[in-house]
Each structure stands twice: as structure tokens, then as C-alpha cells.
**Q** 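Have a look at this one before I ask anything.
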Amino acid sequence: MRNAVPGRLAAGPADATVRNARNAVYVVFISFGFASAAWAAQIPQVRSALQVTPGVLGLILLSSAIGPAVAIPLTGLAIQRFGEALVVAASGVIAAAGLAVVAVGYRHGIAPTAAGLFVYGFGSGSGDVAMNVQGTVVERALGRAILPKFHAGWSIGTVAGAGVGTIMVAWHVPVTADLLGTAVLVGLIIVAATRGFMTLAPEPEPAPAPGAGPGPAGSAGASPAARAAARSPLAAWTELRTLLVGLFVLCMTVIEGIGNSWLSLGVISGYHATAVLGTATLSIFLAAMTAGRWFGPGIIDRHGRVRVLQAGAVIALAGLLLIGFGGVLAVAIAGAALMGLGIALGFPVGMSAAADDPRYAAGRVSTAASLGYTAFLAGPPAIGALADHLGILHALALASVLLVAALFLSRATAPIRGPVRKPELPLDTAG
């Protein structure tokens with residue numbers, strides 16, 4: 001078992017194992033985030049090379065959403081069989097390969113670009129679920145909330161990727177060189193980082209009562225751990241709370257995807273900004289999202305999940321309307337900051353809510369993430385089609401209805417009541 005941490009262990013080895021796992025998860029989140037923003041920063045250049053309308057571009061971007069839609073529902077099964085470390089390592093290689101195909105293929109037309117985005121989306125989507133599950137393992141070992149900070153790590157990666165992308169655009173570095181370099185770097189780092197992942201060894205089962213047979217796993221006489229192990233991760237699709245959490249994640253993910261894929265284009269076309277200013281606006285949006293995820297856990301501890309998520313939906317709604325109807329570039333940039341801050345906690349806290357019971361975390365996180373990634377199936381073509389008729393800015397503003405839905409759906413993320421087993425580790429919880 002990879003870096004297993006039993007329920008009771010001497011402080012030194014336990015501390016070192018958990019710290020290594022925590023750092024490894026940070027590295028993986030940052031790496032996937034960097035790759036995402038490196039691609040987003042080059043979308044305007046790829047669109048220019050392909051010479052397509054916003055509607056056609058939306059269909060091309062749809063390919064990067066179909067990949068996760070295929071991969072994510074199966075990821076819970078893969079994690080149950082192979083563990084998070086192997087799934088994340090394989091996903092990193094697949095995502096890097098897809099990015100490399102885009103880097104070379106966009107010169108040859110729509111088909112190779114879409115194919116590369118499908119492969120990239122498949123790898124990044126599967127890796128997303130697996131690294132979130134590993135994040136909840138670390139969270140339970142630490143005994144405190146940290147998953148939003150891992151997502152802040154993802155956002156730090158996106159800020160770095162967008163910053164590098166801005167420099168690449170300003171220096172007129174070819175898209176092919178930029179994306180190929182990113183693919184190689186990110187793939188190698190992710191594979192190396194997964195060596196630090198860990199698992200939690202199960203606690204010893206209590207001795208059976210005299211005269212009681214063990215019974216098959218899943219029977220009435222089996223232990224909760226045995227029944228959880230026997231249950232398929234796909235069973236989470238029958239749970240109302242998990243589905244509602246997934247719908248909340250879907251609403252917030254649409255808005256996050258809008259920021260990643262359409263914000264720079266909206267600023268460039270709607271406010272007649274330069275490509276550098278468009279990419280810089282994307283960087284501001286990502287920086288605000290990073291700040292929200294880094295400082296959000298402390299706010300959640302004081303005010304609770306539901307209230308914080310509801311406030312975030314209202315803030316994001318205000319930001320999106322400022323982008324769509326602000327009329328002045330400075331107002332739109334302020335709106336981008338508000339939108340990033342408001343949606344910051346949507347996806348990570350949704351994943352934490354899905355993983356409240358560690359016995360079923362893999363299946364529930366996979367289910368919630370699957371619904372969330374459905375946003376990428378509907379979002380790009382819908383925004384593109386609306387943009388063809390209304391303009392990108394007004395199309396973005398219409399998406400605000402999803403934030404109203406998220407305001408109500410956030411109640412489903414309230415913590416599960418009742419005892420949840422946590423590892424008893426004498427850990428140093430600093431940092």
C-alpha cells in the first residue's frame with residue numbers, strides 16, 4: 001500500500017508522510033492549473049489561426065468538455081481499483097499528450113485541434129477527480145479543512161500559466177513552442193509528484209460476537225467498512241444530496257469556465273482591448289479566484305459552508321453583470337475580479353461536501369464532478385451561439401441565471417450530520 005498511514009502511528013513518521021502527501025497534492029493541483037491557463041491564454045491566437053466565428057470556436061471548445069464527460073463517470077471505479085496515485089499519473093500523461101496534439105494540430109485545421117482538446121480534457125477531467133479524492137484523504141489526516149487551499153494551488157497555477165501566457169503573447173512566441181513546452185513540463189512534474197501520495201490504512205475490525213459468523217461483505221452482518229468496500233461507486237448516482245451538490249457544482253463551473261474560456265475574448269471584442277489587456281484581465285480574474293480559495297477556509301469555519309457559498313454567488317452575479325453591462329473597460333476588469341472572488345469556493349467546497357463520508361468519497365466526488373463537467377458540454381457552444389447573435393458580453397451576462405440557481409442549490413452542501421470516522425494521528429497541523 002503506497003505510503004499508508006494507519007489510524008495510530010508515531011508522530012514523526014505520520015507527520016512526514018502527511019506533509020509529503022500534502023505537498024504532492026499541491027504540486028499536482030498547481031501543475032494542472034498551469035496547463036489549463038497556458039491553453040486559455042492561447043485561445044485568441046488559435047481562433048485567429050483557424051479563422052472561425054465565436055459559435056464555431058464554442059463547438060471546438062466543446063471537445064475539451066466531452067473528454068471529461070467520458071472520463072469522469074468512470075474515474076471512481078478506476079480509483080477503487082488502482083488508487084489515486086496511478087490514476088493521477090496516467091491522467092497527467094494523457095492531458096500532456098492532448099496539449100501536445102493541440103500545439104501541433106491547430107496549424108492543420110479544426111479536426112486535429114478538437115481531437116487534441118478531447119484527449120486533454122479526458123486526462124485533466126480524470127485527474128481532477130483523483131486529485132480531489134487524494135485531497136480529502138490528506139484533509140482527514142490533518143483533521144482540518146484544506147481542500148479549498150489545494151484548489152487555491154490550482155488557481156496559483158492558473159495565475160502563473162496566464163502570466164507566462166501573457167509574456168508569450170507579448171513576445172510573439174509561437175503557440176506551438178509555448179504549448180509543447182507546457183505539455184512536457186507538466187506531464188513530468190505530475191508523474192513525479194504522485195510518488196508522495198498516501199492512503200489511510202483501515203482500522204482493525206472489532207472481534208465478532210460469540211457465535212456470529214463473518215457473513216459476506218454487503219450482508220446485514222458485515223461491518224460498515226466492508227459494506228462500503230463492496231458498494232460500487234456508481235451507486236452515488238442514486239443519492240439525492242449528491243445529485244443536488246453536483247447541480248450546484250455545475251452552475252458554478254459554468255461561470256468558472258466562462259471566465260477561463262471567454263473572458264479574454266469578451267474584453268478584446270466587447271471593449272476593443274488589445275490581446276495583452278485581454279489576457280491580463282484573465283490573470284486578474286484568476287488571481288481573485290486564488291485569493292478566495294486561499295482565505296476561504298477560515299471564513300467557512302466562522303460562518304459555515306452554506307452562508308459563504310450564498311454570498312459568493314451574489315458577488316459573482318454582480319461581477320458578471322458589470323462585465324456584461326459596465327460599458328467601460330475598467331468597470332469590466334473590476335467585474336472580472338468580483339466574478340473570480342465569488343465563484344472561488346464553488347467547485348472545491350462542492351467536492352468537500354460530496355466527500356463528507358470518506359467511505360463513499362470516490363463515488364460521490366466522481367458523480368458531483370461529472371455533473372459539474374456537464375457544464376463544459378453545454379457552456380461553450382451555448383455561449384458561442386448566443387455571442388453570434390447578441391455579442392460575447394451580453395451572452396456572458398445571460399449566464400447570470402445560473403448564479404441565481406446556485407444561490408438556492410448551495411443549501412445541499414450543508415455538512416452531513418452524524419459520526420464520520422477520522423484517523424487518529426498526532427499530527428503537526430501547521431501550514
Side-chain angles (χ1 to χ4, degrees), residues 30 33-34 36-38 40-41 43-44 148-149 151-167 169 251-300 303 308-349 379 383 392-400 402-404 406-407 410:
I30 290 170
F34 186 93
S36 173
I43 288 176
K149 287 194 173 185
H151 284 264
W154 189 90
S155 297
I156 289 170
T158 63
V159 171
V164 171
T166 301
I167 294 172
V169 172
C251 292
M252 299 299 272
T253 303
V254 169
I255 307 303
E256 183 175 344
I258 285 173
N260 289 330
S261 298
W262 291 101
L263 183 57
S264 60
L265 284 172
V267 169
I268 291 170
S269 65
Y271 291 93
H272 308 290
T274 64
V276 172
L277 278 177
T279 307
T281 303
L282 172 63
S283 298
I284 291 171
F285 163 77
L286 296 173
M289 192 160 56
T290 302
R293 287 174 173 174
W294 187 260
F295 296 105
I299 300 173
I300 289 173
H303 301 289
V308 173
L309 292 177
Q310 288 175 336
V314 173
I315 292 170
L317 176 61
L320 193 55
L321 293 177
L322 286 177
I323 294 169
F325 302 107
V328 179
L329 179 58
V331 173
I333 292 174
L338 288 175
M339 187 172 76
L341 186 65
I343 66 168
L345 296 174
F347 190 90
V349 176
I383 295 297
I392 295 179
L393 292 181
H394 289 169
L396 298 183
L398 283 178
S400 60
L402 294 173
L403 291 169
V404 176
L407 186 63
S410 61

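Numbering starts at 1 and runs along the sequence shown. Just so you know, these numbers use all the heavy atoms, side chains as well, and skip hydrogens, waters and symmetry mates.
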**Q** State the OG1-CG distance between Thr158 and Leu286, to the nearest 0.5 angstrom.
**A**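 The CG atom of Leu286 is 4.0 Å from OG1 of Thr158, to the nearest 0.5 Å.
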
**Q** If you take all heavy atoms of Ala37 and Ala162, which pair is closest and at what distance?
**A**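 Minimum heavy-atom contact is CB-N, 3.5 Å.
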
**Q** Leu263 pairs by side chain to side chain contact (heavy atoms under 4.5 Å, CB included) with which of Ile323, Thr279, Ile284?
**A**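 Result: among Ile323, Thr279, Ile284, Ile323 is the only option passing the side chain to side chain contact (heavy atoms under 4.5 Å, CB included) with Leu263.
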
**Q** Measuring from atom CG of Leu309 to atom CD1 of Ile300, what distance do you get when rounded to the nearest 0.5 angstrom?
**A**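 CD1 of Ile300 is found 6.0 Å from CG of Leu309.
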
**Q** Less than 4.5 Å apart, side chain to side chain, heavy atoms only: is that true for Met339 and Met289?
**A**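 Not touching, per the 4.5 Å side-chain cut-off.
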
**Q** Tell me, do Leu393 and Tyr271 make a side-chain contact under 4.5 Å, heavy atoms counted?
**A**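 Of all side-chain heavy-atom pairs linking Tyr271 with Leu393, at least one is under 4.5 Å.
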
**Q** Just jot down the side-chain contact (heavy atoms from CB on, under 4.5 Å) partners of Ala273, sequence neighbours excluded, or say none.
**A**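 For Ala273, the residues satisfying side-chain contact (heavy atoms from CB on, under 4.5 Å) (neighbours in sequence not counted) are Val267, Leu277, Leu329.
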
**Q** Does any pair with a residue in residues 318-330 pass salt bridge (Lys or Arg N to Asp or Glu O under 4.0 Å), and if so which ones, sequence neighbours excluded?
**A**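 Not a single pair qualifies under salt bridge (Lys or Arg N to Asp or Glu O under 4.0 Å).
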
**Q** Working note: Val159 + Phe34, criterion side chain to side chain contact (heavy atoms under 4.5 Å, CB included); need CA distance, chi angles, decisive distance, verdict.
**A** CA-CA 7 Å; Val159 171; Phe34 186 93; over 6 Å; no

**Q** Heavy atoms only: give me the nearest Ala275-Val169 pair and the separation to one decimal.
**A**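 Reported closest heavy-atom pair: CB-CG1, 4.3 Å.
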
**Q** Rounded to the nearest 0.5 Å, what separation is found between the CG atom of Leu320 and the CD1 atom of Ile258?
**A**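 Between atom CG of Leu320 and atom CD1 of Ile258 there are 6.0 Å.
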
**Q** Could you check if a side-chain atom of Leu341 sits within less than 4.5 angstrom of a side-chain atom of Phe295, using non-hydrogen atoms only?
**A**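 No, too far: nothing below the 4.5 Å cut-off.
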
**Q** Return yes if some donor-acceptor pair links the side-chain N/O of Arg293 with the main-chain N/O of Ala344 below 3.5 Å, else return no.
**A**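 Between the backbone of Ala344 and the side chain of Arg293 there is a qualifying donor-acceptor contact (under 3.5 Å).
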
**Q** Mind checking whether Trp154 and Ser36 have side chains closer than 4.5 Å, heavy atoms only?
**A**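 Yes, close enough: below the 4.5 Å cut-off.
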
**Q** Would you name the heavy atoms of Leu407 and Gln310 that are closest together and state the gap between them?
**A**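 Distance-wise, the nearest heavy atoms are CD1-O, 3.4 Å.
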
**Q** Can you name the nearest heavy-atom pair linking Ala336 to Thr281, along with the distance?
**A**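 Minimum heavy-atom contact is CB-CG2, 3.9 Å.
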
**Q** Could you walk me through whether Ser400 and Leu321 pass the side chain to side chain contact (heavy atoms under 4.5 Å, CB included) test, one step at a time?
**A** CA-CA 7 Å; Ser400 60; Leu321 293 177; 4.1 Å; yes

**Q** Calculate, to the nearest 0.5 Å, the distance between atoms CZ and CD1 belonging to Phe347 and Ile255 respectively.
**A**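 Phe347 CZ to Ile255 CD1: 15.0 Å, rounded to 0.5 Å.
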
**Q** Might you work through the side chain to side chain contact (heavy atoms under 4.5 Å, CB included) test for Val349 and His151, ending with a clear yes or no?
**A** CA-CA 10 Å; Val349 176; His151 284 264; over 6 Å; no

**Q** Could you report the tightest heavy-atom contact between Leu345 and Pro148, atom names first, then the distance?
**A**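 Smallest interatomic distance, heavy atoms only, reads CD2-CB, 4.0 Å.
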
**Q** Looking at every non-hydrogen atom in both residues, tell me the closest pair between Cys251 and Ala406 and how far apart they are.
**A**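 Closest heavy-atom pair between Cys251 and Ala406: CB-CB, 3.9 Å.
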
**Q** Can you tell me how far CD of Glu256 sits from CD1 of Ile343, rounded to the nearest 0.5 angstrom?
**A**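 The CD1 atom of Ile343 sits 5.0 Å away from the CD atom of Glu256.
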
**Q** With a 4.5 Å cut-off on side-chain heavy atoms, are Ile43 and Ser264 touching?
**A**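 No, every pair of side-chain atoms sits at 4.5 Å or beyond.
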
